[in-house]
K.L.:
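Quick one: structure below, then a few questions.
Quick note: numbers below take in every heavy atom, side chains included, and nothing from hydrogens, waters or symmetry partners.
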Amino acid sequence: MKLIHPDWTTNIEFSEGGIELIQIESPAYFSIVLQELLDQKQTGNGRFILSDDNGITNFSKSVELILSPFALDFGNRKIVSEIFKRLMNIAQEEEIIETHEITGEILKYIYRLIDYERIDITLNDEIDLQQLLKAAGVRVAIDETDVLTRLTDYIFLIKEILNIKLVICANLQSYFSKEQMLLLKQTAEVGKISLLLLQSGANFEIIDREHALIIDADLCEI
């Protein structure tokens, strides 16, 4: 997989489960690149090109941009909708018999409740499985204690649920130690997740087997 930008002569090439680094020494240019990534993620329009063996990919659907490990949205609409879709498919295929039996029992129970009332009450003859999942509070389990664990859980989640091909993280090395970054790299390798670290500033240590594109204060590539 390859990430290309027309302003850069260097293309960022990813191996499956590999980590690449773009270190931008100019704060002003870092902000420009980050804003461009954010706009392209949101609108699908921009100058970044992500390609794989099958050609150019849909940037909005293939890329996740993480601006902070402290603001991960496990309950965003796309994730929840896809989880509900997967569970509903299971209910209507692998568990179809059990689904009919359980929803039938729920309807019988509601009818018994209605019999206690002297007013006319009606209801649908079928139960909406999605509404049932919502009522049950189905959601992604979140580790509330460790920031790095939450980050790795989130990255695994979006790869599995949303089929994200590339995760771009901004300034992670400002939050985590070298040992934690090595653990993140190992996790990415095991999960076959491609990560791009976008780092502002200079003199950040390159972790084991990480490749780096350094854009200095004069916007020259090193």
Side-chain angles (χ1 to χ4, degrees), residues 1-52 54-74 76-79 147-148 150-152 154-155 157-159 162-178 180-182 184-185 188 193-222:
M1 188 166 59
K2 185 183 298 183
L3 182 68
I4 300 170
H5 190 280
D7 290 346
W8 305 337
T9 59
T10 304
N11 298 330
I12 313 300
E13 298 190 17
F14 299 89
S15 59
E16 193 173 49
I19 291 184
E20 303 297 329
L21 169 68
I22 301 178
Q23 182 176 311
I24 301 175
E25 295 183 357
S26 165
Y29 187 59
F30 179 83
S31 297
I32 290 171
V33 171
L34 196 59
Q35 186 64 60
E36 189 171 351
L37 284 166
L38 184 60
D39 291 343
Q40 189 162 345
K41 169 64 180 174
Q42 293 176 339
T43 67
N45 300 317
R47 298 190 297 162
F48 282 97
I49 297 174
L50 182 67
S51 63
D52 57 20
N54 297 317
I56 296 175
T57 67
N58 184 312
F59 193 91
S60 292
K61 294 181 178 179
S62 301
V63 174
E64 177 73 4
L65 178 60
I66 298 177
L67 300 180
S68 169
F70 302 99
L72 304 174
D73 187 4
F74 285 82
N76 76 61
R77 182 181 56 82
K78 288 183 179 180
I79 290 175
V147 177
L148 182 60
R150 283 203 303 274
L151 176 62
T152 55
Y154 183 78
I155 291 172
L157 174 68
I158 59 177
K159 181 179 186 292
L162 302 180
N163 196 29
I164 293 296
K165 298 181 181 297
L166 173 63
V167 179
I168 302 175
C169 301
N171 285 330
L172 279 193
Q173 288 170 282
S174 300
Y175 306 115
F176 299 121
S177 66
K178 180 182 178 180
Q180 289 175 308
M181 293 300 297
L182 285 171
L184 177 63
K185 178 176 175 58
I193 298 166
S194 295
L195 293 179
L196 173 61
L197 305 181
L198 188 65
Q199 189 68 43
S200 175
N203 301 321
F204 284 95
E205 187 173 4
I206 298 174
I207 65 177
D208 184 41
R209 297 198 305 279
E210 178 186 88
H211 301 100
L213 165 62
I214 300 174
I215 302 175
D216 69 14
D218 297 320
L219 307 188
C220 296
E221 296 176 31
I222 301 175

K.L.:
Let's go through His5 and Glu36 carefully: what are the C-alpha distance in whole Å and the side-chain angles of both, what is the deciding distance for side-chain contact (heavy atoms from CB on, under 4.5 Å) to 0.1 Å, and is it a yes or a no?
P.N.:
CA-CA 11 Å; His5 190 280; Glu36 189 171 351; 3.2 Å; yes
K.L.:
Quick one: closest heavy-atom pair of Lys78 and Leu162, and the distance?
P.N.:
O-CD2, 3.8 Å
K.L.:
Are the side chains of Glu20 and Leu197 in contact, using a 4.5 Å heavy-atom criterion?
P.N.:
no
K.L.:
Between Glu221 (side chain only) and Ile214 (backbone N and O only), is there a donor and an acceptor less than 3.5 Å apart?
P.N.:
no
K.L.:
Could you check if a side-chain atom of Pro69 sits within less than 4.5 angstrom of a side-chain atom of Phe176, using non-hydrogen atoms only?
P.N.:
yes
K.L.:
Find the distance between CD1 (Ile19) and CG (Leu195) and round it off to the nearest 0.5 Å.
P.N.:
5.0 Å
K.L.:
If you measure from the Lys or Arg side-chain nitrogens to the Asp or Glu carboxylate oxygens, is any gap between Glu64 and Lys159 under 4.0 Å?
P.N.:
no
K.L.:
Once rounded to the nearest 0.5 Å, what's the spacing between atom CG of Leu198 and atom CG of Leu37?
P.N.:
6.5 Å
K.L.:
Taking all heavy atoms of Ala170 and all of Tyr175, pick out the closest pair and write down the distance.
P.N.:
O-CE1, 4.2 Å
K.L.:
So, does Thr57 use its side chain to make a donor-acceptor pair with the main chain of Ser62 at under 3.5 Å?
P.N.:
no
K.L.:
Are the side chains of Tyr29 and Asp7 in touch, meaning some heavy atoms are under 4.5 Å apart?
P.N.:
yes
K.L.:
Between Ile24 and Ser200, is there a side-chain heavy-atom distance shorter than 4.5 Å?
P.N.:
no
K.L.:
If every non-hydrogen atom of Leu72 is compared with every non-hydrogen atom of Leu151, which pair is closest and at what distance?
P.N.:
CD1-CA, 3.7 Å
K.L.:
Counting C-beta onward and ignoring hydrogens, is there a side-chain heavy-atom pair between Leu3 and Asn11 closer than 4.5 Å?
P.N.:
no
K.L.:
Can a donor-acceptor pair be found, under 3.5 Å and without considering hydrogens, that links the side chain of Lys41 to the backbone of Val63?
P.N.:
yes
K.L.:
Are the side chains of Leu50 and Leu166 in contact, using a 4.5 Å heavy-atom criterion?
P.N.:
yes
K.L.:
Side-chain contact, heavy-atom cut-off 4.5 Å: Trp8 with Ile22?
P.N.:
yes
K.L.:
For the residue pair Ile79 and Phe74, what are the closest heavy atoms and their distance?
P.N.:
CG2-O, 3.6 Å
K.L.:
Calculate, to the nearest 0.5 Å, the distance between atoms OG and CD1 belonging to Ser68 and Ile66 respectively.
P.N.:
9.5 Å
K.L.:
Taking atom CD of Gln173 and atom CG of Leu184, what is their separation to the nearest 0.5 Å?
P.N.:
10.0 Å
K.L.:
First locate atom CG of Asn58, then atom NZ of Lys165, and finally report the distance between them rounded to the nearest 0.5 Å.
P.N.:
10.5 Å
K.L.:
For Ser174 and Gln199: C-alpha separation, side-chain torsions, deciding distance, then whether side chain to side chain donor-acceptor pair (under 3.5 Å) applies.
P.N.:
CA-CA 8 Å; Ser174 300; Gln199 189 68 43; 3.2 Å; yes
K.L.:
Around atom CZ of Arg47, are there more than 12 heavy atoms of other residues, nucleotides or ligands at under 6.0 Å?
P.N.:
yes
K.L.:
Side chains of Glu25 and Leu219: does their closest heavy-atom pair fall under 4.5 Å?
P.N.:
no
K.L.:
Would Gln42 and Ser60 count as having a side-chain donor-acceptor pair, cut-off 3.5 Å?
P.N.:
no
